[in-house]
Participant: 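Please see the structure below; I have some questions.
These numbers come from the heavy atoms of this one structure, side chains and all, not from hydrogens, waters or symmetry mates. Every number for a ligand or one of its atoms is a count from 1 in the order of the listing.
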Amino acid sequence: MKNAAVKKTTALRNMLRDPGLSFLMEAHNGLSAKIAEEAGFGGIWGSGLSISAALGVRDNNEASWTQVMEVVEFMADATTVPILLDGDTGYGNFNSARRLVTKLEQRGVAGVCIEDKLFPKTNSFIRGTAQPLAEPGEFAGKIRAMKEAQRDPDFVVVARVEALIAGHGMEEALRRGEMYRKAGADAVLIHSSKKNASEILEFKKEWGDRLPLVIVPTKYYTTPTEAFREAGFKIVIWANHLMRSALTTMQATAKRIFEDQHLMNVEEKVAPLAEVFRLQGESELEQAEKAYLPKGGPVAKGIVLAAGKGHAELGELVKDKPKTMIPVDGKPILGHIVDAYRASNVRDLVVVRGYAKDSVNLQNVTYVDNDAWETTSELASLAAAKASLEGPCLVSYGDVIFRKYVLDEMLETEGDFVVAVDSMTPGEAPARRADWAVCSEPHSRTTILREVALKDIVNDPKDKGITGQWTGLLKLSAAGSKAVREMIDGMPEAERNKATVPDLLRRVVKSGLAVRVVYSRGGWLDVNTLEDLVKGTAFR
Ligand code: SPV
Ligand code: MG
């Protein structure tokens, strides 16, 4: 039955065709359907009672048919075995019922059972004898319309006879069953609310083998299943027992936790989370992620050096907060930096604070402090974040805003040390202090084809060989991070306290390690002056 090559409709039809007795287990959502299948059931009963109860409404068509459809679609998606939906009365006349068939076929439901009562129906076990039945001719027309609407010849329509429930007697039950058979039903569900199986056994005897018979022994549960098998019934439906067992357990658990105000008495009685994840198919997603997500190494961390106060020119703006917290366009500079990193999927962010550190308070970043910010420099701040200098890292300053594409390009470039260099040279740039980069070749249309190396970082714009300006962005591979950690550790403290990141880069170059250059033109802003702040607004 579980053979994936067999269509669900065919699997359900096989239950009606095959010799012997088959079983359908009730389910009312994706999880319970999966549990029923895992237990071994070859098919599922989409119970109207259980689905409505799980939705917190009565079994009186209070849930609309499209709401039921949504539930049954989750059930069908979660399972490989066929589902026979309890379609109540078909939710209206023949027209509603045939549309129901079409929609169920589209959603992978293998069959539907409709009962000969009136819309809106009531559960058969609530005032059963008081319930009006459908006029059997009208109901037979409904069955015919449903059979003619189905596209898949194996889709199953079960006609449910309620005459015994409603107290109309055996003869009427048999008459109705025969009319529905003639209308094209694939099986008859003969329902009974008696505490013993006498009614359904008598019906079977009179009925013979005209059509397969389906029964629901909710009330006559003490009858041995062997008796149903011997009598020649085709399908037994265990109609509501997963919903009822869940209900009992949920009531007990809720009561326990409410009274205890802790979880210790229930933890071992409830399913472990691992079981929940297993049923949800978590491991398949893990495999799929391996198969479909881009490979590549681990995403880099971002380390933002933001301990300094900022230039004197900023005056009042940095009276009680560092430059990194000055708003540009209504958001602190650091906020723009964090957003740019996150946009490039760099989510693990470490910010080194110093001056007015309590004012540096953005959420969801890790803070480390360089409390000696006044007497130390950049490398001391980087040393404060040493524990995070592991694996691939991006290092930048708390006053430099980047566009996402600059970060993305850095992340895509391989190398133990990679720096972002703006190709603007001193001749083109307004006079200002900058970290001028001397690279192995200037930026051109073809540099992208070659690996350009950093040779030096200088501060005198008149120095020879300047090909651009270091933007303040450095990427380290895992090996690069390790080398930087070792350099920090190996430096005499006095030297480390004075050193800047350019000092570190010069040291790296001198030691013969390659520092790779990624050229850009714009796409970043170093906020040093009030004028830069105004530009920052434009930059956004
Ligand atoms: C259901 O499970 O919703 C049924 C069976 O229709 S019964 O509750 O026995 O009527
Ligand atoms: Mg029902």
Participant: Going by heavy atoms, is Arg160 under 4.0 Å from ligand 1?
Facilitator: yes
Participant: Any nitrogen or oxygen of Asp86, main chain or side chain, under 3.5 Å from a nitrogen or oxygen of ligand 1?
Facilitator: yes
Participant: Please could you name the atoms of ligand 1 that Gly48 approaches to less than 4.0 Å, counting only its heavy atoms?
Facilitator: 1 (C), 3 (O)
Participant: Which pairs would a plain distance check flag for residues 215-231, meaning a side-chain donor or acceptor within less than 3.5 Å of a matching protein atom at least two apart in sequence or in another chain?
Facilitator:
residue	atom	partner	partner atom	Å
Thr223	OG1	Tyr220	O	3.1
Glu226	OE1	Arg229	NH1	2.7

Participant: Below 4.0 angstrom, N of the basic side chain to O of the carboxylate: do Glu38 and Arg278 qualify?
Facilitator: yes
Participant: Heavy-atom contacts with Ser47 under 4.0 Å: which atoms of ligand 1 show up? List them by number with element.
Facilitator: 1 (C), 2 (O), 3 (O)
Participant: Quick one: ring pair (Phe, Tyr, Trp, His ring centres under 6.0 Å) partners of Tyr341, sequence neighbours excluded?
Facilitator: none
Participant: Out of Glu115, Glu162, His191, Lys121, indicate the one that has the non-hydrogen atom closest to atom 7 (S) of ligand 1.
Facilitator: His191
Participant: Evaluate the ring planes of Trp524 and Phe402, with Trp represented by its six-membered ring, and classify them as parallel (under 30°), tilted (30 to 60°) or perpendicular (over 60°).
Facilitator: parallel
Participant: Salt-bridged, Lys121 to Asp59, with N to O below 4.0 Å?
Facilitator: yes
Participant: Between Leu49 and ligand 1, is there a nitrogen or oxygen pair with a distance under 3.5 Å?
Facilitator: yes
Participant: Under a 3.5 Å cutoff, is there a donor and acceptor pairing between the side chains of Ser50 and Asn240?
Facilitator: no
Participant: Which of the atoms of ligand 1 are close to Ser124, meaning less than 4.0 Å from one of its heavy atoms?
Facilitator: 10 (O)
Participant: Under 2.8 Å from the Mg ion (ligand 2), is there any N, O or S atom belonging to Asp88?
Facilitator: no
